[in-house]
Amino acid sequence: MASPATRRPTIRDVARLAGVSTKTVSRVINESPEVARKSRERVEWAIHELDFTPNVAAAGLRRNDRSTRSIAVVTQDLGNNFSSQLLRSLERSEFLKDVALLAASLDEEPERERRVVKDLVAHQVDGLVLVPTLSDQSYLRTVVNSGLAVVCVDRRPRGLPVDSVTTDNWLGAQMGTAHLIAAGHRQIACLGDRTTIEPAQDRLTGYLDAMRDAGVPVDSRLVLSGERSAEDGRRAVQSLIDEGVDFTAILVCRNDLSIGALEALQHNGLQHTVAIVGFDDMPMASLVDPPLTVVRQDIDQLARATVDCLAERIRGSSAAPRDIVIRPTLVERGSGEIPAPR
């Protein structure tokens, strides 16, 4: 016969072991200064002895500020280097160091956004960091009006007046394309995500504008959109090679696609012949041959600006929503500096 499950210790158990009231335990948990040093030490000792974990949501309801010390972070893909670095940078911030981050992925599935966000908001989180997928975020208006702090990252919100923090994606793609043009390239392929996604559309526009400004005609066969995975990137570049489409350089507008594009070039022995500039840095960028030139988003700066906005809203700021745009940088490593053939 199985033994009964061990009962989780309660705040009353802590109070009984420490020899204090439950109110004193609650004050210690909520870091109230109105507790004598000896009482605080006894409570902390009892918490350690019992391996007691406070019910944060319930504790928040008893605090004057109703805070639950939790923030929801909803990105597109936590497995993607951009999303994982953003989450890590948020975790390292001073403001969020003692806050629980509840993270979820949307995988570019619009129908998931409303459901996932609703479930996380139901946990009475103090704030929401959201990379939007839906074309309209007005479904959040009621909870924002009720005081929920919301900051949109990577993409601007639609139908919802809240702060946003984005990278200048148009500028990044324009810089990367201009860099390839300066190396003599004219047949430049552009490999990107779905153009219904704001950053992908901005990056495509940056590429097209750079080509136009340099007087370089665009071969429509070299504009490849709707690609998402490393396999998509490999297949797209391999198709160009198999079909005999002339290209001497590639602007890759998503880090997953860069991996696939590099695989295709290496498989065909073109890694030292075709120049390539990726968008978003990644750990392997300096390890490939030649090392990958990238347009780098400053993810730490994105995270700092996001936390600043979040902190202001949680503290009650009613200022007009801010639209913060972070400038990317071009990191030259070798692949983007391969000259065009003469």
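When a residue number appears, it is its place in the shown sequence, counting from 1.
The residues Glu94 and Lys97 are annotated as salt-bridged, a charged nitrogen and a carboxylate oxygen being separated by less than 4.0 angstrom. Salt bridge Arg327/Asp168: absent, no basic N to carboxylate O contact under 4.0 Å. Ion pairing between a basic and an acidic side chain is recognised when a charged N comes within 4.0 Å of a carboxylate O; Glu227 and Arg235 show such pairing. No salt bridge links Glu44 with Arg37; every basic N to acidic carboxylate O contact stays at or beyond 4.0 Å. Here Arg88 pairs with Glu91 in a salt bridge; the nearest charged N to carboxylate O distance falls below 4.0 Å. In summary, Arg69 and Asp98 do not engage in a salt bridge, as defined by a charged side-chain N under 4.0 Å from a carboxylate O. Between Asp136 and Arg158 there is no salt bridge, since no side-chain N of the basic residue sits under 4.0 Å from a carboxylate O of the acidic one.
Counting heavy atoms from C-beta on, the side chains of Arg322 and Cys309 come closer than 4.5 Å. You'll find the side chain of Leu128 reaches within 4.5 Å of the side chain of Val74, heavy atoms only. Between Val43 and Ile47, the closest side-chain pair of non-hydrogen atoms falls below 4.5 Å. Inter-residue side-chain proximity for Val277 and Leu330 is flagged as met; some heavy-atom pair is nearer than 4.5 Å. With contacts defined as side-chain heavy-atom distances shorter than 4.5 Å, the pair Val151/Val162 does not qualify. Side-chain contact between Arg186 and Thr248 is absent, with no heavy-atom pair separated by less than 4.5 Å. With a 4.5 Å cut-off on side-chain heavy atoms, Val131 and Cys152 do not count as touching. Arg40 has its side chain out of reach of Arg27: every pair of non-hydrogen atoms, C-beta onward, lies at least 4.5 Å apart.
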Original post:
Can you check salt bridge (charged side-chain N to carboxylate O under 4.0 Å, His left out) on Arg315 and Glu312, steps first, answer last?
Top reply: CA-CA 5 Å; Arg315 290 166 181 156; Glu312 289 178 14; over 6 Å; no
**OP:** For Val144 and Leu160, run side chain to side chain contact (heavy atoms under 4.5 Å, CB included): C-alpha distance rounded to whole Å, both residues' side-chain angles, the deciding distance at 0.1 Å, then the answer.
**Re:** CA-CA 9 Å; Val144 168; Leu160 187 70; 4.2 Å; yes
Subject >> Stepwise side chain to side chain contact (heavy atoms under 4.5 Å, CB included) test for Asn145 and Arg141 >> reply: CA-CA 6 Å; Asn145 291 341; Arg141 190 178 293 271; 3.6 Å; yes
**OP:** Evaluate the side chain to side chain contact (heavy atoms under 4.5 Å, CB included) criterion for residues Leu130 and Leu140: first the C-alpha distance (whole Å), next the side-chain angles of each, then the deciding distance (0.1 Å), finally the verdict.
**Re:** CA-CA 11 Å; Leu130 173 65; Leu140 282 168; 4.1 Å; yes
Subject >> Arg228/Asp193 under salt bridge (charged side-chain N to carboxylate O under 4.0 Å, His left out): CA gap, chis, key distance, verdict >> reply: CA-CA 6 Å; Arg228 297 199 46 76; Asp193 207 332; 2.7 Å; yes
Original post:
What's the verdict on side chain to side chain contact (heavy atoms under 4.5 Å, CB included) for Thr166 and Ile326, showing C-alpha distance, side-chain angles and the deciding distance?
Top reply: CA-CA 6 Å; Thr166 59; Ile326 308 298; over 6 Å; no
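The minimum heavy-atom distance linking Gln76 with Pro132 is given by the pair NE2-O, 3.7 Å. Summarising the geometry of Cys190 relative to Leu204, their closest heavy-atom pair is SG-CD1, 4.2 Å, with the distance given to 0.1 Å. In terms of heavy atoms, Asp13 sits closest to Thr10 at OD2-N, 2.9 Å. Between Pro290 and Gly334, the shortest heavy-atom distance links the atoms CB-C, 4.3 Å. Shown here for Thr195 and Ser225, the closest heavy-atom pair between the two residues is CG2-OG, 3.8 Å. Residues Gly172 and Val295 share a closest heavy-atom pair of O-CG2, 3.4 Å.
Side-chain atoms of Ser146 come within 3.5 Å of backbone N or O of Thr142 as a donor-acceptor pair. Under a 3.5 Å cut-off, the side chain of His185 and the backbone N or O of Ile338 do form a donor-acceptor pair. The main-chain N or O of Ile188 is found under 3.5 Å from a side-chain atom of Tyr207 such that the two form a donor-acceptor pair. Formation of a donor-acceptor pair under 3.5 Å by the Asp119 side chain with backbone atoms of Val117 is not found in this model. A distance-only check finds a donor-acceptor pair linking the side chain of Ser317 to the backbone of Ala319 [under 3.5 Å]. In this structure, the side chain of Ser93 engages the main chain of Leu90 through a donor-acceptor pair within 3.5 Å. Listed for the Asp232 side chain is a donor-acceptor partner under 3.5 Å among the backbone atoms of Ser229.
Between Asp209 atom CG and Thr177 atom OG1 the span is 9.5 Å, to the nearest 0.5 Å. Leu120 contributes atom CG, which lies 11.5 Å from atom CD1 of Ile71 (distance to the nearest 0.5 angstrom). Glu113 CD to Leu134 CG: the interatomic distance, rounded to the nearest 0.5 Å, is 4.0 Å. The distance from the CG atom of Asp126 to the CG atom of Leu148 is 8.5 Å, given to the nearest 0.5 Å. One distance of note links CG of Asn255 with CG of Asp281; it measures 9.0 Å at 0.5 Å rounding. Distance check, rounded to the nearest 0.5 Å: OG1 of Thr24 to CZ of Arg42 gives 9.0 Å.
When the options Thr306, Asp323, Asp154 are evaluated for a side chain to side chain donor-acceptor pair (under 3.5 Å) with Ser164, the one that passes is Asp323.
Under the side-chain hydrogen bond (donor to acceptor under 3.5 Å, both in side chains) criterion, Glu111 pairs with no residue, sequence neighbours left out. For Ser286, the side-chain contact (heavy atoms from CB on, under 4.5 Å) partners are Arg333, not counting sequence neighbours.
Judged by distance alone, the side chains of Glu109 and Thr133 never bring a donor and an acceptor atom under 3.5 Å apart. Between the side chains of Gln297 and Asp280, at least one donor-acceptor pair of N or O atoms lies under 3.5 Å. Using modelled atom types, one finds a donor on one side chain and an acceptor on the other under 3.5 Å when comparing Thr205 with Gln201. With no hydrogens or angles considered, a side-chain donor-acceptor pair links Asp300 and Ser89 at under 3.5 Å. A donor-acceptor contact under 3.5 angstrom links the side chains of Gln238 and Asn268, judged on distance only. Defined by atom type and a distance below 3.5 Å, a donor-acceptor pair is present between the side-chain atoms of Thr293 and Glu337.
Members clustered with Val274: Leu191, Leu222, Leu224, Val237, Leu240, Ile241, Val245, Phe247, Ile250, Val252, Leu257, Ile259, Leu262, Leu265, Leu270, Ile276, Met282, Met284, Val288, Leu292, Val294, Val331, by chain and number, using a 4.5 Å side-chain heavy-atom cutoff among hydrophobic residues.
The number of heavy-atom neighbours closer than 6.0 Å to CZ of Arg12, taken from other residues, nucleotides and ligands shown, is 12 or below. Under a cut-off of 6.0 angstrom, the local environment of NE2 in His267 is sparse, with at most 12 non-hydrogen atoms contributed by other residues, nucleotides or ligands.
Phe279 carries Arg203 over the face of its six-membered ring, with the cationic atom under 6.0 Å from the centre and within 45° of the normal.
Grouping the Ile, Leu, Val, Met, Phe, Trp and Tyr side chains by contacts below 4.5 angstrom, directly or via other members, places Leu86 with Val99.
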